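Quick caveat: nothing in here was measured; it's all calculated off a predicted structure. One-based numbering, in listed order, for ligands and for the atoms of each.
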Amino acid sequence: MSDDVYRLIGPGGNEMKLPIRTGTVGPNLVDIGALYKTKGVFTYDPGFVSTGSCESDITYIDGEQGILMYRGYPVEQLAANSSFIEVSYLLLHGNLPTSKELEKFERTIRRHTMLNEGMLNFFKGFRYDAHPMAMLSAVVGSMSAYYHSEMDASNPDHRDIFAHRILAKLPTIAAAAYKLNTGQPFIYPRNDLNYCENLLHMLFAVPAEPYEIDEVAAEALDLLFILHADHEQNCSTSTVRMAGSSGANPYSAIAAGIAALWGPAHGGANEAVLKMLEQIGDVSQIKKYVDKAKDKSDPFRLMGFGHRVYKNFDPRATIIRDMCHKILQRLDRKDTPLFDLAQELEQVALKDDYFIEKNLYPNVDFYSGIIYKALGIPTSMFTVMFALGRSVGWAAHWREMIADPTTKIARPRQLYTGPAQRDYAPIEKR
Ligand code: SDX
């Protein structure tokens, strides 16, 4: 708590002193917790643009400086030196692991990748063309039907096994959804492979022939998962916290987060970027679509541009763009028209006054889809890939929320603008 206060002067000059809360770094927060009880008024902030929902030690973002830190470590350093499994340990436990801790953690994750065999029956019931995000949220929600004996949120061991199961089993569920879409048989996980090698194996191996892991593809996926792992109180993470705040089991809370991530304004943007690039089709059409994005009467937006917090470059987009170059250099240039189009679109938008004035820069979703496509992952699986990376962030935030003694059930208020009280009229009098 800071010594300073904000003085709120209401109608009639009545004043209220609002305490200020100061964090390690970043803007101060005005504590309005006593406002309604003291002054009988609510604050109004649709979309929570200026509202902090909690205290958190996990991730810090500075939108003006383009800074992203996991437990204090800049994401650029983690991207250059770490692995997704090591970053997962960091997000869940708060510090980088020793080699012994990392070896034990990785072995635990490798040994939790199989699903209860009964869960595979769900995939026999889905339509062959079901969207993988629909299948992911459904099957993750069903985990609470299999692991109900270990869902006591007050038990630290249950909180650990939940995090291990989410991290380890989501790739298996994601790959099963993809195999349903392709009509190919489900491929079981292998404990001798690392996290991303195993995912590639479950996605692309077939029983008819040996599958050779593409190590550059595994490296690219590991980097993408590090960059997607957490992002403070974004829409899907806030959804996980809100669902968990009622005491709902953690698997259902994660399923709620997956549903929120699916929206095109959030994690669904990477899928929407590829669809947009395919819609634009050619560099000659870029100006037409940039003009559409600027036209208030046109609902079209440049997907992959803009961010609620970053009013500068999204640091993740910069790292992903460089990885894009590396992946696409292996491909014949004739196969990379979408990347060339994306680069031209980025240059046009960044020079446009509208985008400059509104601080609209490429975000994490602008280039990630191009890498996924280059790796042979279909557009429908892009948001699933986002969910695989973000799953550990969701788990870390659920654990932090559930362990916080100040956590209350999340229950916002509203500004009522409906009809004043009126009496019921019999149907013959309506
Ligand atoms: C993610 O929160 C997170 O941390 C999310 C995320 C994470 O890691 O969890 O970073 C992942 O979700 C990234 C964002 C992916 N979404 C998209 O790329 C979809 C396209 N972007 C927009 O829909 C939008 O930029 C948002 C949703 C990302 C942010 O919207 P805000 O903060 O609510 O801003 P806004 O909609 O109020 O826009 C401000 C202005 C508006 O114009 P005015 O009303 O002021 O005249 O900028 C305009 C908007 O019309 N604008 C755009 C635009 N984004 C905003 N105009 C054209 N194209 C765009 N992409």
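Residue-ligand proximity, N234 to ligand 1, at heavy-atom distances under 4.0 Å covers atoms 2 (O), 3 (C), 4 (O), 9 (O).
Ligand 1 has a nitrogen or oxygen under 3.5 angstrom from a nitrogen or oxygen of R308. The shortest N or O to N or O distance between G304 and ligand 1 is below 3.5 Å. Residue contacts with ligand 1: K296 is placed with a nitrogen or oxygen under 3.5 Å of a nitrogen or oxygen of the ligand (distance criterion only).
Protein heavy atom in closest approach to atom 17 (C) of ligand 1: A269 CB, 3.5 Å. Of the protein's non-hydrogen atoms, Y354 OH, 3.6 Å is the one closest to atom 48 (C) of ligand 1. The protein atom (non-hydrogen) at minimum distance from atom 6 (C) of ligand 1 is H307 NE2, 3.6 Å. Nearest protein heavy-atom contact of atom 58 (N) of ligand 1 is L302 N, 3.1 Å. From the protein, the heavy atom lying nearest to atom 38 (O) of ligand 1 is R301 NH2, 3.9 Å.
By the definition of a contact as any protein heavy atom under 4.0 Å away, atom 34 (O) of ligand 1 is not in contact. For atom 26 (C) of ligand 1, the nearest protein heavy atom lies 4.0 Å away or farther.
The pair R165-E150 meets the salt-bridge criterion, with a side-chain N (NZ, NE, NH1 or NH2) lying under 4.0 Å from an Asp/Glu carboxylate O.
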In residues 259-267, what donor-acceptor pairs under 3.5 Å come from side-chain atoms, sequence neighbours left out?
from, atom 1, to, atom 2, distance (Å)
H266, NE2, N234, OD1, 3.3
H266, NE2, S236, N, 3.1
H266, NE2, S236, OG, 2.9

Side-chain donor-acceptor contacts of residues 348-355 below 3.5 Å, not counting sequence neighbours, with atom names and distances?
from, atom 1, to, atom 2, distance (Å)
D352, OD1, K294, NZ, 3.4
D352, OD1, Y354, N, 2.8
D352, OD2, K294, NZ, 2.7
Y354, OH, K296, NZ, 3.3

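By the 4.0 Å heavy-atom criterion, R316 is counted among the residues contacting ligand 1. The closest approach between a heavy atom of A265 and any atom of ligand 1 is below 4.0 Å.
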